[in-house]
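What follows is one structure encoded as structure tokens, with my remarks underneath.
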Amino acid sequence: MKEIYLLITDAGGGHRAHALALKKAIQAQQLNWNVRIVNIYTEILTRGKHWEAFYNFLLKSGFSWIYWPVMVPLIRLQIPLKHQYALKALKSYWQNNHPSMVVSLLPFVNDVLEKSVKAVHPTVPFITSLCDLVDLDKYYLTNQRNNHYPSHAICPTDTAEEQARQLGYIDSHIHRLSGPVLDPDVYFSPFSSKQKERQKHGLDANATTAVISFGGNGSNEMLSIANQLARSPFNLQCIFICGKNKTLAKKILKVKTSKKLLVKGFTTNMSYYLSLGDFFIGKPGPNSIGEAIQMGLPVITENSWRTMQQERHTCEWIIANQFGLVIKTFRNTAPAIAKLLEPTQFNTYQKKVANIRNYGVFEAVDALSTILNNLNDKVELTNS
């Protein structure tokens with residue numbers, strides 16, 4: 001049994017969603033792997049666990065824009081200050097655990113993660129699987145030029161691939177995907193009749209349906225959107241996925257509107273609710289946007305001064321491929337919907353999202369299998 005470690009944080013929902021997608025795809029192939037998803041902050045570096053809660057508070061309250069100008073410099077400052085503590089704690093963890101492979105999904109601390117693994121298990125493969133569409137910081141893809149045991153990079157875009165190459169990753173250790181890693185469920189329809197399934201939830205069978213989601217922690221932006229749509233003239237019904245934000249869900253349920261609403265909390269079955277919709281509204285996270293597009297939903301998202309740096313490349317990707325609309329502020333959601341649903345325009349967006357060919361999650365598992373198989377071949381040659 002191979003021991004596969006996926007290292008994450010629960011700041012936001014993207015890292016865990018990425019890890020769960022990989023785990024689900026691995027289990028579907030019935031590989032002889034034991035997959036362990038490890039939150040390094042809460043399970044190993046316990047001194048840093050409180051920043052996750054603060055980050056998630058920022059997401060819920062709509063203040064995530066301060067992440068890059070304020071929190072990122074603070075975190076970068078802590079990296080050298082806490083390097084020895086983190087390295088010691090991580091090395092102790094690896095001395096008590098015996099991975100066959102370590103996959104990092106983490107920003108900022110990738111450097112110390114790689115050093116800790118190589119210090120205890122130098123021949124164990126270390127892989128960075130990018131959750132974002134590009135590498136935003138040197139701690140994602142560590143410099144490999146002087147690395148005696150070169151690491152691997154799983155890259156969802158051409159830009160990320162080129163960044164890895166510039167940092168000294170050799171070609172055989174760069175694994176290019178056709179797109180971001182997504183939940184395998186988005187590749188399969190969960191039911192035969194969208195109309196009948198909508199009716200089960202008290203929705204109209206044939207009304208145009210928007211799915212609104214801002215990740216696992218929700219956002220107060222969703223309440224603003226709910227109020228806008230309540231006043232709009234559209235013949236529209238909405239599905240709000242509020243994540244773990246129970247207060248937000250209660251507020252949306254109290255919005256006075258003649259439109260039909262379905263309000264849900266946290267779900268591990270996002271693909272089901274996406275299947276009920278015709279288009280998607282949400283923050284430009286590569287995971288949520290990628291899943292919506294994969295399921296054939298054109299998207300509306302925001303790119304403003306508040307948009308986090310790692311999400312701006314998703315906006316560029318949407319515009320370049322005509323997958324939907326990128327607006328300057330969610331305060332203009334209602335007019336954006338009118339523009340999106342203009343028949344000719346909407347037909348164009350639907351055709352574009354229908355033609356996407358992204359099998360990233362399956363390609364990522366194939367890449368991990370290849371890395372392990374190559375390692376086994378080397379061990380056999382050495383032993384022979």
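Throughout, numbering of the chain's residues begins at 1 and tracks the sequence. Note: hydrogens, waters and symmetry copies are ignored here, and every other heavy atom, side chains too, is used.
Inter-residue side-chain proximity for I174 and I154 is flagged as unmet; no heavy-atom pair is nearer than 4.5 Å. In this structure, the side chains of F279 and V353 stay at 4.5 Å or more apart for every pair of heavy atoms. Between T307 and T301, the closest side-chain pair of non-hydrogen atoms is not below 4.5 Å.
For an aromatic pair to be called close, the ring centres must be under 6.0 Å apart, and Y187 with F362 satisfies this. Taking the six-membered ring where the residue is Trp, the centroids of F126 and Y5 are separated by 6.0 Å or more. Aromatic rings from H15 and Y41 are positioned such that their centres are separated by 6.0 Å or more.
Expressed to the nearest 0.5 Å, how far CG of L87 lies from CG of L113 amounts to 10.0 Å. If you take CG on D158 and CG on L133, they are separated by 11.5 Å, rounding to the nearest 0.5 Å. Rounding to the nearest 0.5 Å places OG1 of T209 at 8.0 Å from CG of D204. Atom SG of C155 sits about 7.5 Å away from atom CG of L177, to the nearest 0.5 Å.
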Item to check | Evaluation steps, side chain to side chain donor-acceptor pair (under 3.5 Å), between N110 and S104 | outcome: CA-CA 7 Å; N110 216 28; S104 170; 2.6 Å; yes

Checklist entry - How far apart are the C-alpha atoms of T9 and V109, what are their side-chain angles, what is the distance that settles it, and do they pass the side chain to side chain contact (heavy atoms under 4.5 Å, CB included) test? => result CA-CA 11 Å; T9 172; V109 293; over 6 Å; no

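Formation of a donor-acceptor pair under 3.5 Å by the S304 side chain with backbone atoms of T329 is not found in this model.
By the 4.0 Å N-to-carboxylate-O rule, D278 lies close enough to R198 to be salt-bridged with it. By the 4.0 Å N-to-carboxylate-O rule, E197 lies close enough to K200 to be salt-bridged with it. A salt bridge links K283 with E311: the closest approach of a Lys/Arg side-chain nitrogen to an acidic carboxylate oxygen falls below 4.0 angstrom. A salt bridge is defined here as a Lys NZ or Arg NE, NH1 or NH2 lying under 4.0 Å from an Asp or Glu carboxylate O, and E302 with K328 fails to meet this definition. Between R165 and E161 there is a salt bridge, with a side-chain nitrogen of the basic residue lying less than 4.0 Å from a carboxylate oxygen of the acidic one.
Other residues, nucleotides and ligands contribute over 12 non-hydrogen atoms within 6.0 Å of the NZ atom of K259. Within 6.0 Å of atom NZ in K91, 12 or fewer heavy atoms from other residues, nucleotides or ligands are found, so the atom counts as exposed in its surroundings.
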